[in-house]
A.B. asks: 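Below you will find the structure I want to go over with you.
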Amino acid sequence: MNNSSSSKTEDKIFRSVAFAAAALSAAAVFLIILFLTWPALKALLEVPVAELWHTRWNPAGYTSQSWGIIPFVAGSLWVTLIALALAVPVALLASVFSTQFVPEKLRSMTDFIFGTLAGIPSVIMGFLALTVVGPLIAKVFGLNSGLTVLNGGIILSIMIMPTMVSTLADAFEKIDPIYAEGALALGATKWQAALTVLYRFVRPAFFASILLSFGRAIGETMAVIMAIGNVALIPRSPLQPGETLTGVLAIEMAETVVGSLHYNVLFLIGLLLLISTLIVNYLSELITQRTRVKVQ
Amino acid sequence: MALKIEATNVSAYFGDKQVLYDINLGINEAAVTAIIGPSGCGKTTFLRTLNRLNDLSPNFKMVGRITLDGEDIYAMNPVDLRRRVGMVFQKPNPFPMSIFDNVAYGLRLRQIKDREFIRSKVEHALRSAGLWDEVSNRLNHSAFELSGGQQQRLCIARAIAVDPEVLLMDEPTSALDPAATARIEELILSLKEEYTIVLVTHNMYQAARVSDYTAFFLNGYLAEYDMTDNIFTKPRDERTQRYVTGRFG
Amino acid sequence: MALKIEATNVSAYFGDKQVLYDINLGINEAAVTAIIGPSGCGKTTFLRTLNRLNDLSPNFKMVGRITLDGEDIYAMNPVDLRRRVGMVFQKPNPFPMSIFDNVAYGLRLRQIKDREFIRSKVEHALRSAGLWDEVSNRLNHSAFELSGGQQQRLCIARAIAVDPEVLLMDEPTSALDPAATARIEELILSLKEEYTIVLVTHNMYQAARVSDYTAFFLNGYLAEYDMTDNIFTKPRDERTQRYVTGRFG
Amino acid sequence: MNFAEKLAEINEMLAEMGGLVEDAIVKSIRTLVDKDPRLAQEVIEVLEPRINDLERTIDEESLIALARYQPVANDLRRLVCILKIDKDLERMGDHAENISRRAVKIIQEPLLKPLIDIPRMADLAQSMTKKALDSFFQEDVDLAKEVIESDVVVDELQEQIVRELISYILGDAKTVNKALDLMFTGKDLERIADLATNIAENTFFLVHGEDVRHQGPHGD
Amino acid sequence: MNFAEKLAEINEMLAEMGGLVEDAIVKSIRTLVDKDPRLAQEVIEVLEPRINDLERTIDEESLIALARYQPVANDLRRLVCILKIDKDLERMGDHAENISRRAVKIIQEPLLKPLIDIPRMADLAQSMTKKALDSFFQEDVDLAKEVIESDVVVDELQEQIVRELISYILGDAKTVNKALDLMFTGKDLERIADLATNIAENTFFLVHGEDVRHQGPHGD
Amino acid sequence: MNRISERLWILFSAVAYSIAVLFVIWVVVYLFSLSKNVISLSFIFSRPTLGMTEGGIVTPLIGSLYLALWVAVISAPIGVLAGVYLAEFAPDNGVTRLLRSTIRTLSGVPAIVYGLFGLAFFVRALNMGLSLLASALTLSIMNLPVIITTTEEAVRLVPTAQKEGAISLGASSWRVWRDISFRYSISGMLSGIFLALSRALGETAPILLTGVVFYQPSLTLDPRRTFMALPYHIFILATQHTNRTKVLPIAAGAGFILLMLVLAVRVLGYIYKRRVQQWL
Ligand SMILES: Nc1ncnc2c1ncn2[C@@H]1O[C@H](COP(=O)(O)OP(=O)(O)OP(=O)(O)O)[C@@H](O)[C@H]1O
Ligand SMILES: Nc1ncnc2c1ncn2[C@@H]1O[C@H](COP(=O)(O)OP(=O)(O)OP(=O)(O)O)[C@@H](O)[C@H]1O
Ligand SMILES: [Mg+2]
Ligand SMILES: [Mg+2]
Ligand SMILES: O=P([O-])([O-])[O-]
């Protein structure tokens, strides 16, 4: 039975098809970078950086357009930092609880619930921000409108938390029980074991997931648009409205003339977002690799 | 020779399933007692009742009485019990910290702050575990940089740093290669002067090599308990005979 | 007794690192040849040169000559070579298929379609591996439902289903408990009538129990090769003596 | 080959060795009784060398069995016993050879006296040998006891022979050579019975793990 | 305790046993020479029982060593040799006891003849015993050869003694009892030397893994 | 640490945990209670009418499902094959490593940025105009990194022992892939694909700039046409409509249906994964 030649052709076809797919993907990567950078570069040629780093955004001004993106940067940072501040501690505690104290049988169900939470489409979260959280904030703080950066931060925190919980819970789960038992056998309590030993295994995943969440929060568009009022001003407190980098893209892109300066500046903002998320992702990857606990 | 631990009529259950039946066994002080028997016979379960580690399983139940120096271990705080009864596991489980911090861990758990004291304890424990010479110049390196055998010796050092009286070892060499195994066995022999050691092992020959007493468990029962010399040259129980001569099934 | 495999001046490299030095070793037909030696001495590497599995590592290089029934294995198609030289691995590696499909896999790879033929081959292989009685009523169950020892016997059945002439085994029992190990050893003894077996083992006593010839490797060199009886009662080489008596450091 | 098979092989050799020893005892004494030097010759040239060979082979195979199968408990005790027993059997073969050599000399001249006690001793020694080995193979402690008890009878017969022969010498000093030959023959038989007793003692050790040697009154 | 320590312990016991055997040989013969029955008594009541005990202990400890440490290669050969050697030593003790018992009887009356060959044999037997054990402990094959070669000398001395004593009996049949006693003493010494030779043969086996027994001309 | 603080911490974490769990349940219940008066079969199967203050959601629903179908067809094969290439065949060199890490980081790029790219490349440069195809391609590109990465990781986790087992029986690399690697990695690949599907159903930002419209009277299967999609429909109803009280229940109803759809995809993925894993 000589089948080695037929298996060789099978092999060749398989390899080439896979290669083609990989090449196509590589091409996509290249195109993304190219098509975002090109208009952005054009914008940079026309608008000096100093003008971008400015607090006034007025693309429609007939006499003097101004392209200050600080309000959006500020809006994005506000919502993102509020979201992280709320989500990070809750996620850590919830993941400890779900892996260390919830009976094993319930755990896959809660995994599913957290997964579901992560999968709720952002418009629905925006809808909730608009109809529930916003009015609640207005009521509590006595505001006319609850559409504030706080609203955006809260809704974002709910959106990023489940992924953090799953990531951390996975990391906790992956730890061989012998480590917890090792600590217990030395006289530690369960909570001490989780905090002093298990946490050390999870720490890289923890920091990486904070960074990833930062990236996700800063990139989130629809929910935030629906939550924070979209006013191109620098919010001075969590109870003021604002607008984010993503928000301005979603809202203004459709109204611009293709190839106009406005269009190009929006691409520049897009590129900025791209670069900042790339940096954040790269850093998180770096953390994971540098600090991965090597267990033999 | 004094009895350090005494198990009287100990039965154990996981849920409805009984895994230990009426065990009566005295562990002699300053000696190595090996527990052997086929897979699933309850060796590990028995060992883990001695420091109440089984209590972590929600469906575990024990009846009978276990005493440490005559005191019922269920009358003690488990944290105190576990300080007195250290444990070494099947796979080396160094914590993700420096070598030093691993050994100091148990001391710090007890709120000991005196740095000099901790230092001297750590050194002493590492020396006793025969690891000092290999690690003294890199105490602040990660414990995971050590080889498997070194890690296991580190775990032993960690256990003895808090001055336990008893050391429980659950197949401490089953994840190691023969050379590392030989070192651990030498270590066990040298530790038995100071500690009462209970050693669960799959490897009958290991029990033969290092233990003074051997308990043979079978289906949750204690089938035979005797001096190791007798177990391996003239066991009284027919089943022990069959087991040690490898004719078990 | 005829030589089935002959390695002549075999040296092997991974990249710049030489791991085998000028090995000359003849493997006798219808016998078990054990390869023993300390960790990292090149046992696995040598074994995997025999079915050219090392060739999968891009930086592997071999010089010297290995013949199977006098024919240079590098003059053969590796697929044909591997049909004649089966392999069993350290950890049981059943495929994610049914028990039946696992054993039939090698046959189907050879485009054999005749169902009846496949069936009879599978049955015969399972019988030879001493597994038939345990699995005949659940051949279409997942192979992962079997215990570790059964899985390893399944892997042996899978290897012998394609009628190899040689069986290479790389520490086939190192992941198994003593009872399962004993069964595999019995199996090896019963298989040697039909197959030439090369067995790498960490467990010196296993080599003693099951092999007819023993090769002792050290730092990539073949330190001694002799009948197993001699290796374990009167080794000629001082280093073998030290190794088998456990005085190796 | 597994341990059980190896042990069976060794046991078989041991049984063969025992058979040869019995044969050697019988034939060495029949040389005297039947006055047939060919029997002695067979003992000297065939049986005894064969017994020696078997001792070496059994030792070697036992060593291999110990090295390869690492036996413990009764498997180990059995092998250790075998190592002791084959040495005893080999000694018995030597004694039978001695008897044979002497017998060839003795039968060249008329006998000093009719042989009565010596054949009886030989019968006893032979059956003790057989029983001793059987008791070992069958782990039959009662049979072993029988052997050990028989030893007294042999010892008495031996003393009787010595006394009788001394009286012959006192009667006629010329008979000293012949008498000594018979006396040494008796002594050889007595040693054979002793060695059979040794073998039987192994049965106790094998079965109960206890050493019963040197517990009775000392005897040579 | 690890294997090396266990082996050292056993070796020490074996050395002690060898020392006791030498002592027993010396004292059993000195009973004759010095006419001091207390020496014989010491052999019978102290040395021989102690030797017996040591044999049992060594056997037991060797068994334990085999069971616990599963030795192979030369470690195993050594233990197997020890199991053989202690049996030989114990037999030597028995022979020394025999000599002592007989000596007590002999010295109650005047000696048949001045003792010359027997003390010489005893010296030889004793030094062979010492050398045999030393050769074993030191794995010294040359020393072992010396022992084996000495055996011929002892055998010759023994034959000489027998011839001489027969001539005494022929001269005066009354001397038969005394002559026989001395003859058996010689025979015992000859056996002791034989057993020392056996021990020496173990050295070859230990060092080279080869069995040199029964390779020379057969001897008792 | 004393017992009281230990208990306290456990309590905190229990609260944190329960908040998350309860929130999910609340979302479902809330959406349903808001919309329970409008949801019916005819709501699902009729078109929006009267300036979307009446009628159902069939047009955006079908639009979303159709979009998801296109996305699956485009991104799954390319993503899986590229992942396999990276895991099994790619030479270990700088180019591969760069490609791999770029793909990895692209999976974190905000959806709206992909929208920009889709607008610039598919809509403008390739002249597709605003269309379902442009949206589908945009979403596919967005999903590729996810599918590639999950596939690559899943294939990497295939035990070498099993692969070598097949090789040692004489299997070619195609057979090793088909018989071994595929079976082991299918569940990982599927989780990537299902994630892609749920994103195609739920994302708004990328389609916002590439083809979705807030109203389209007729249903069409022509991918060159613009389309309605559920998330955008909800967005428009919730934020842009003048008659908020009237459309809010409709928006909630659409939200509920969307949530159920996304959930269904997850459950499907979950069930399938368990079935596959049972074999392993
Ligand atoms: N947490 C648990 N829940 C339920 N059953 C358990 C648990 N732990 C052990 N068992 C059961 O108790 C019995 C004894 O287990 P144990 O681990 O003590 O055996 P062992 O002798 O240590 O076996 P091994 O040699 O395989 O380690 C087994 O039947 C096992 O399945
Ligand atoms: N793929 C590889 N690339 C580089 N070096 C390798 C590779 N495989 C093995 N080696 C090296 O080759 C040497 C011999 O390894 P090999 O696995 O043959 O040893 P071994 O005797 O089988 O050891 P063990 O008993 O631990 O299995 C080791 O130093 C090892 O690090
Ligand atoms: Mg290997
Ligand atoms: Mg005695
Ligand atoms: O050889 P013996 O022991 O019988 O003198």
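Given the structure is predicted, the values throughout are model-derived calculations rather than measurements. In what follows, every chain begins at residue 1, and chains take the letters A, B, ... in the order their sequences are listed.
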A.B. asks: Is I124(A) in contact with chain F via its backbone, its side chain, both, or neither, using a 4.5 Å heavy-atom distance?
C.D. replies: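 Side chain only.
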A.B. asks: Restricting to non-hydrogen atoms, name the atom on A254(A) and the atom on L209(F) that form the minimum distance, rounded to 0.1 Å.
C.D. replies: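 The answer is N-CD2, 4.4 Å.
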A.B. asks: Given a strict heavy-atom distance threshold of 4.5 Å, which part of I10(F) is in contact with chain A: side chain, backbone, both, or neither?
C.D. replies: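 Contact with chain A is through both the backbone and side chain of I10(F).
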A.B. asks: Applying side-chain contact (heavy atoms from CB on, under 4.5 Å), run through F117(F) and L274(A) and close with a yes or a no.
C.D. replies: CA-CA 11 Å; F117(F) 166 71; L274(A) 177 77; over 6 Å; no
A.B. asks: Heavy-atom cut-off 4.5 Å, strictly under: side chain, backbone, both or neither for F101(A) against chain F?
C.D. replies: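 Only the side chain of F101(A) comes within 4.5 Å of chain F.
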A.B. asks: May I ask you to name which of L259(F), L230(F), L201(F) has the most heavy-atom pairs under 4.5 Å with chain A?
C.D. replies: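 That would be L259(F).
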A.B. asks: Just give me the residue among V265(F), V267(F), L248(F) that pairs up with chain A most often, heavy atom to heavy atom, under 4.5 Å.
C.D. replies: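 So the answer, after comparing V265(F), V267(F), L248(F), is L248(F).
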A.B. asks: Is a donor from one side chain sitting under 3.5 angstrom from an acceptor on the other, for S25(A) and Y85(F)?
C.D. replies: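 The answer is no; no qualifying pair exists.
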A.B. asks: Relative to chain A, which of V113(F), V109(F), L116(F) shows the most heavy atom pairs under 4.5 Å?
C.D. replies: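 If we count pairs closer than 4.5 Å to chain A, L116(F) comes out on top.
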A.B. asks: Tell me the closest heavy-atom pair linking L208(F) and A250(A), and the distance in Å.
C.D. replies: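 The answer is CD2-CB, 3.5 Å.
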A.B. asks: Using a 4.5 Å cut-off on heavy atoms from C-beta on, say whether the side chain of F127(A) contacts that of L258(F).
C.D. replies: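 Answer no - side chains too far apart.
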A.B. asks: Please classify the contact between V280(A) and chain F as side chain, backbone, both or neither, with a heavy-atom cut-off of under 4.5 Å.
C.D. replies: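 V280(A) has no heavy atom closer than 4.5 Å to chain F.
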A.B. asks: Return the minimal non-hydrogen interatomic distance between I141(F) and A28(A), and the atom names on each side.
C.D. replies: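 Closest approach of I141(F) to A28(A): CD1-CB, 3.6 Å.
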A.B. asks: Please classify the contact between F89(F) and chain A as side chain, backbone, both or neither, with a heavy-atom cut-off of under 4.5 Å.
C.D. replies: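 Side chain only.
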A.B. asks: Checking heavy atoms, do the side chain of F121(F), its backbone, both or neither come under 4.5 Å from chain A?
C.D. replies: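 For F121(F), heavy atoms of backbone and side chain both lie under 4.5 Å from chain A.
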A.B. asks: Check the angle between the aromatic planes of F114(A) and Y17(F) and answer parallel, tilted or perpendicular using the 30° and 60° thresholds.
C.D. replies: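 Tilted, since the angle between the ring planes falls between 30° and 60°.
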A.B. asks: Check each atom of L31(F) against the heavy atoms of chain A and say whether the ones under 4.5 Å are side chain, backbone, both or neither.
C.D. replies: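 For L31(F), the contact with chain A is made by the side chain alone.
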A.B. asks: Could you check if a side-chain atom of N281(A) sits within less than 4.5 angstrom of a side-chain atom of R104(F), using non-hydrogen atoms only?
C.D. replies: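 N281(A) vs R104(F): side chains apart.
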A.B. asks: Do R15(A) and S173(F) touch side chain to side chain, with heavy atoms closer than 4.5 Å?
C.D. replies: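 They are in side-chain contact.
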A.B. asks: Just so I understand: if I count every heavy-atom pair under 4.5 Å between each of P77(F), A254(F), A252(F) and chain A, which residue has the most?
C.D. replies: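 It is A252(F).
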A.B. asks: Does any heavy atom of chain A fall under 4.5 Å from the side chain of L86(F), the backbone, both, or neither of them?
C.D. replies: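 Interface part for L86(F): neither.
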A.B. asks: Identify which of V15(F), T102(F), I234(F), V21(F) forms the greatest number of heavy-atom pairs closer than 4.5 Å to chain A.
C.D. replies: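 Greatest number of close heavy-atom pairs with chain A: V21(F).
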A.B. asks: If I compare all heavy atoms of M226(A) with all of A238(F), which pair ends up nearest, and what's the gap?
C.D. replies: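 Closest approach of M226(A) to A238(F), heavy atoms only: CE-CB, 3.8 Å.
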A.B. asks: So what's closer than 4.5 Å to chain A heavy atoms on R124(F): side chain, backbone, both or neither?
C.D. replies: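 The answer is the side chain of R124(F).
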A.B. asks: Quick one: of V27(F), I103(F), L144(F), who has the most non-hydrogen atom pairs under 4.5 Å with chain A?
C.D. replies: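 Top count of heavy-atom pairs under 4.5 Å with chain A: V27(F).
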A.B. asks: May I ask you to test the W9(F)-V96(A) pair for a side-chain heavy-atom distance under 4.5 Å?
C.D. replies: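 A side-chain contact under 4.5 Å is absent here.
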